[in-house]
Each structure stands twice: as C-alpha cells, then as structure tokens.
Amino acid sequence: MLSDLLKNNCPDGSEFSLVLSPMDDITTTEYRQICRKWGADMVITEFVSSDALIRDVEKSYQKIAFAPQERPVGIQIFGNTEQTLVEAAQRVEELKPDFIDINWGCPMKKIAGKGSGSGILADIPLMLSLTQAVVKAVKLPVSVKTRIAYDDKSIHISDFCEALQDCGIQLLSIHGRTKQQMYKGEADWTEIGKVKNNQRIKIPVFGNGDINSAEKMLEYKNRYGVDGILIGRAAVGKPYLFRQCKQILNKEDITEPSLQEKAEICRQHFLAMIPNHGEFRSIVIMKKFYSRYFNGISNFKPFKMQLMEAKTKEEIIKILDCIQNTAF
Ligand SMILES: Cc1cc2nc3c(=O)[nH]c(=O)nc-3n(C[C@H](O)[C@H](O)[C@H](O)COP(=O)(O)O)c2cc1C
C-alpha cells in the first residue's frame, strides 16, 4: 500500500509528506538524492513518454533510473492511449519503483495538445478509463498528478475525484491551476481543499502550487488539511527548503546554510551529474540552478556570468572555489 510509505514522515507524528515535485530536466536522479538528504520524504522522476518507453528510447530509461537512496520513489509516465500507457506501466513495474505516477497535469502544447497530460481534462471519461486500465495492469500502487480542471468553465476535480479514487489509485496530487492557466495567476487551493474535505475520499490528497517557503507550507497544510505538499520551483537550488519545512513542523528555528555550504551543495550536485549525463549536458542543466543556489547574494552577478559562460568542469569548479573563498 502506498499509504504505508507515508507513515511517520511528519516530526509531530501525524502523517504528512513533503515531496519534491517532478520537473523535467531539473529533478534528475542526482538532485532528487540531494533533496531526499535535505528532508524531502518522497520523490517522483521527471515525466517520460509511454510511447518512448515501449519504443526502448534509451534517454527515457535514463530519465527514470533511480538510486536506492531515493526511495520512496515514483516513476512518472504520460501518454494518451490505453495500449501505450499499460505497456509502459508494465515495463516501469519491472524497474521496481515504489509506485507509478500518471501525469494528467502537464499543460505544454506538445503534450496536452495530443490529449496527454492535462489535455485529458477535456475528456474525463477517457481519463478515468485510462487510469483504471493502468491500475489493473500492474501490481504496484498507482498515483495520479493532475490539475484542478481544463479551464475555468470545465468540470472541476472536486466533482470527479471520487471517480478517480474508484479507479483504484492510491494517491492524488493536485496542482491548483487549470490547464489553460499554464503557470499564470495563482494556484487555487480551495479546489484542493474541497477534494481533501470530501468525506468519501479515503486516499491521501497532496496539494501543489506556489509553495515557496516553510511558513507558507505550514499555513497551507493547516488551512487545507492536505496529507502532503509537493514543492517544485521553490526547491530548485534550495534543497534545504525541505529541512526548513521539517524545522517549522517540529517548531524549531529555521536555519539557512552558509554561502560556503551552498557552494558545496552546488559543487557536489554538479560533480554527481557528470558520470550520468556527461560534462556538456551537466553544464547545460546546471545553468538552471546557479541563480537559485546563490539567490539573494549581493554582488554575485559577475560570478553568475562566469558560471553561465564556463565550458569545462575545471572552470566551473574554479569559480565555485572562488565563490567559497569570497567575502560577499
Ligand atoms: C520546468 C518545469 C518542468 C516540469 N516538469 C514536470 C514533470 O516532468 N512532471 C510533472 O508532473 N510536473 C512537472 N512540472 C510541474 C511541477 O511539478 C509543479 O506541479 C508546478 O511547478 C507547480 O508547483 P510549484 O509552484 O511548487 O512549482 C514542471 C514544472 C516546471 C516549472
């Protein structure tokens, strides 16, 4: 049971989980491991196409490879037909993650436009039948990550969450935006709260969207009563946000790593990437992280420019050394 994996996560003894929300080309296995070390209770891989998995596309298998220390870990798939989703789920099952997550939330045109991701929210009966087919095809627990609706005028998740539960999923994660909203506006947590407060919903409900501090995490946990919260963008380059969340849940003072510690996390992250992704790709992926690792440091701009322009591992390590030895 997936719920067994969620026990004893919260320092106060209640069942509440902090999850690193999956982000394509960001939450690679190396970063997921870092976030688990800093307090994330659970992680989910970047999404991969069911179609690519059944066509044996090597890059997709690299994306869903995980390390034992990531557990509990879910592998996330997207797709738009029963045949591809079922076969992909069966292949994923062989990799023995703790659960399989179906992405019914991605709003990107190349995915949602083809009826995968949040595109499925335009056809709820199909969403339900595909979800049920995946649940029936595998022994592993299946979860769903989705959005609140296709658009403002569509049927909202609070109206069909029971049907999703009846499909046999064991966890529901909801990003409080519609598909049409993409990432604009604010996440609407009232819809998430309605699902959580539905007496007939027995599976854990996790909320997601715009949680950017330990304080906000605590406020939304208390206000909406969710069983867990996924944190995405705010955790990029800030793995210690999970420790800060744990500290506030534990009624401890919130601490922030020193600049030297942040530079060390960044260095370890970069070095861990190279064996798996190669030097060039690691340098490209790390560019998404620098301004986040060193956010808020005055006079950091020249270092950031050097990091963005660096072309070799040696150059990057040298700049990180320099950052560690500079009194900002
Ligand atoms: C660059 C980027 C890539 C993302 N990739 C995925 C993905 O692969 N799978 C997924 O379920 N959500 C993906 N998301 C959505 C996030 O997991 C999350 O639901 C969303 O960012 C809202 O949470 P936040 O406000 O905490 O960032 C992605 C978001 C971003 C910004």
Side-chain angles (χ1 to χ4, degrees), residues 17-29 31-32 35 40 42-50 52-53 59-60 62-66 73-79 85 88 92 97 99-112 116-121 127 131 142-149 157 169 171-179 181-189 191-192 205-217 219-221 224 226 228-239 241-242 244-245 284-289 291-292:
S17 303
L18 291 162
V19 184
L20 173 65
S21 209
M23 285 173 285
D24 190 33
D25 270 348
I26 295 175
T27 55
T28 62
T29 177
Y31 197 61
R32 297 195 302 265
C35 288
M42 194 165 102
V43 291
I44 302 171
T45 64
E46 308 158 72
F47 64 4
V48 284
S49 147
S50 302
L53 288 181
K59 193 171 169 229
S60 298
Q62 280 168 5
K63 271 184 181 272
I64 58 175
F66 60 87
V73 55
I75 290 182
Q76 191 186 68
I77 55 172
F78 70 87
L85 278 163
V92 161
F99 63 101
I100 298 173
D101 190 61
I102 309 177
N103 179 311
W104 292 138
C106 176
M108 274 154 52
K109 206 171 171 187
K110 66 176 183 186
I111 293 177
S116 295
S118 62
I120 200 82
L121 289 164
M127 178 197 209
T131 303
V142 175
S143 58
V144 159
K145 178 169 179 281
T146 188
R147 290 186 170 224
I148 53 173
I157 189 152
I169 61 165
L171 166 70
L172 180 59
S173 302
I174 310 168
H175 176 190
R177 286 188 173 81
T178 66
K179 182 242 170 216
Q181 251 184 298
M182 303 288 290
Y183 288 90
K184 291 197 243 30
E186 270 176 48
D188 176 2
W189 276 71
E191 282 296 322
I192 302 170
V205 175
F206 287 5
N208 170 232
D210 302 343
I211 301 300
N212 55 10
S213 67
E215 290 82 359
K216 189 164 179 183
M217 180 283 306
E219 186 190 331
Y220 279 47
K221 172 189 184 284
Y224 298 103
V226 287
I229 286 183
L230 290 87
I231 305 182
R233 292 165 293 179
V236 179
K238 207 174 168 183
L241 178 56
F242 293 104
Q244 294 179 332
C245 288
V284 171
I285 294 178
M286 287 306 291
K287 287 185 184 176
K288 299 178 185 178
F289 282 88
S291 54
R292 308 301 300 272

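For ligands, and for the atoms within them, numbers begin at 1 and follow the listed sequence. What you see is a predicted model, and the numbers here were worked out from it, not measured in a lab.
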4.0 Å heavy-atom contact, Phe78 with ligand 1 |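 No; Phe78 lies far enough from ligand 1 that no heavy-atom distance drops under 4.0 Å.
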
Just to check, does Gly209 reach to within less than 4.0 Å of ligand 1 when the distance is taken from its heavy atoms?
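Yes, Gly209 has heavy atoms under 4.0 Å from ligand 1.
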
Working to the nearest 0.5 angstrom, can you tell me the gap between Ser118 OG and Ile148 CD1?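 Reported value, rounded in 0.5 Å steps: 11.5 Å.
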
Enter the distance from Met217:CE to Leu241:CG here, rounded to the nearest 0.5 Å.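 The CE atom of Met217 sits 8.5 Å away from the CG atom of Leu241.
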
Distance under 6.0 Å and angle within 45° of ring axis: Arg32 vs Phe242 =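 Geometry flag: not set, cation outside 6.0 Å or 45°.
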
Hey, which atoms in ligand 1 end up nearer than 4.0 Å to a heavy atom of [X]?
| X | value |
| --- | --- |
| Tyr183 | 14 (N), 15 (C), 20 (C), 21 (O), 28 (C), 29 (C), 30 (C) |
| Lys145 | 10 (C), 11 (O), 12 (N), 15 (C), 16 (C), 17 (O), 18 (C), 19 (O) |
| Asn103 | 9 (N), 10 (C), 11 (O) |
| Ser21 | 16 (C), 17 (O), 18 (C), 19 (O) |

Open item on the list: One residue to check: Asp24. Relative to ligand 1, which of side chain, backbone, both or neither has a non-hydrogen atom less than 4.0 Å away?
Closed with: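 The answer is both.
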
For ligand 1 and [X], I'd like to know whether there is a polar contact (N/O to N/O, distance under 3.5 Å).
| X | result |
| --- | --- |
| Gly232 | yes |
| Ile26 | no |
| Glu46 | no |
| Pro22 | yes |
| Arg233 | yes |

Q.
Please determine whether side-chain contact (heavy atoms from CB on, under 4.5 Å) holds for the pair Gln76 and Thr45, giving the CA-CA distance in whole Å, both sets of side-chain angles, and the decisive distance to 0.1 Å.
A. CA-CA 6 Å; Gln76 191 186 68; Thr45 64; 4.2 Å; yes

Using 30° and 60° as the class limits, which term best fits the ring planes of Trp189 and Tyr220: parallel, tilted or perpendicular?
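Correct class here is perpendicular.
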
*May I ask you to say whether Asp210 pairs ionically with Lys216, meaning some side-chain N is under 4.0 Å from a carboxylate O?*
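Between Lys216 and Asp210 there is no salt bridge, as every charged N stays at least 4.0 Å from the carboxylate O atoms.
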
